[in-house]
Amino acid sequence: MRMHDLMDIANHYGLKHQLAKCKEELGELIEAIDSANDEAIIEEIADVEIMTEQLKQLMCADRVVDLYKDYKIARQLRRIAGGAE
């Protein structure tokens with residue numbers, strides 16, 4: 001991913017605008033999932049990832065997000081090992 005390009009876009013629009021745009025993209029992903037159209041789902045995943053990367057950068061939260069991800073993945077693996085779904 002071209003992080004410099006994403007930051008140019010993010011800085012141009014700012015956090016407030018990009019938060020609203022991310023909500024829009026998340027809604028489109030939900031619609032794509034409901035449609036069960038693989039191509040549409042893949043395209044919307046790309047849009048959502050672009051937006052979440054911008055939000056992480058605008059909020060200076062890259063490392064914190066990674067910590068949460070590590071924690072949540074480990075927690076789910078513990079649940080699976082314990083027989084939970």
Side-chain angles (χ1 to χ4, degrees):
M1 203 175 312
R2 297 177 182 100
M3 194 57 65
H4 179 73
D5 294 338
L6 287 179
M7 282 312 301
D8 286 347
I9 295 166
N11 288 327
H12 175 79
Y13 289 107
L15 180 60
K16 184 176 179 180
H17 180 274
Q18 293 310 76
L19 284 168
K21 183 67 176 173
C22 188
K23 285 173 55 177
E24 177 186 322
E25 297 297 351
L26 288 164
E28 291 175 7
L29 177 56
I30 290 168
E31 288 177 15
I33 291 169
D34 288 344
S35 78
N37 178 319
D38 289 354
E39 186 176 342
I41 294 168
I42 291 166
E43 181 179 349
E44 295 307 330
I45 288 171
D47 288 343
V48 168
E49 286 189 4
I50 288 167
M51 295 310 304
T52 56
E53 284 298 323
Q54 289 181 56
L55 296 181
K56 287 191 304 185
Q57 295 305 312
L58 286 167
M59 299 176 77
C60 301
D62 223 2
R63 292 189 337 171
V64 175
V65 169
D66 284 343
L67 289 173
Y68 273 108
K69 286 166 50 177
D70 290 345
Y71 165 76
K72 289 174 181 264
I73 291 167
R75 180 181 65 188
Q76 190 60 35
L77 290 172
R78 285 191 305 274
R79 288 176 178 161
I80 291 169
E85 286 190 32

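Below, each value reflects all heavy atoms present in this structure, side chains not excepted, and no hydrogens, waters or symmetry copies. Computed from a predicted structure; not experimentally measured.
- From R63, atom CZ reaches atom NZ of K56 across 13.5 Å, with rounding to the nearest 0.5 Å.
- Sorted by first then second residue, the ring pair (Phe, Tyr, Trp, His ring centres under 6.0 Å) pairs that include residues 18-52, not counting sequence neighbours, number zero.
- The ring-ring contact (aromatic ring centres under 6.0 Å, His included) search around Y13 returns H17, not counting sequence neighbours.
- Across all non-hydrogen atoms, the minimal contact from A32 to E44 is CB-CG, 3.9 Å.
- Rounding to the nearest 0.5 Å places CD of E53 at 12.5 Å from CD1 of I9.
- Other residues sharing a hydrophobic cluster with L15 under the 4.5 Å side-chain heavy-atom criterion for ILVMFWY residues are L19, L55, L58, M59.
- By the side chain to side chain donor-acceptor pair (under 3.5 Å) test, Q76 is found to be paired with R79, residues two or more places apart in sequence or in another chain being considered.
- Listed by chain and number, the hydrophobic cluster partners of I42 come to none, as no ILVMFWY side chain reaches under 4.5 Å of it.
- By the 4.5 Å heavy-atom criterion applied to side chains, R75 and R78 are counted as neighbours.
- Distance check: M3 CE to Q54 CD gives 9.5 Å after rounding to the nearest 0.5 Å.
- Considering CE of M51 and CD of E25, their distance stands at 6.5 Å, rounded to 0.5 Å.
- Rounding to the nearest 0.5 angstrom, the gap separating the CE atom in M7 from the CD atom in Q57 is 5.5 Å.
- With a 4.5 Å cut-off between side-chain heavy atoms of Ile, Leu, Val, Met, Phe, Trp and Tyr, the cluster of V48 takes in L26, L29, I33, I41, I45.
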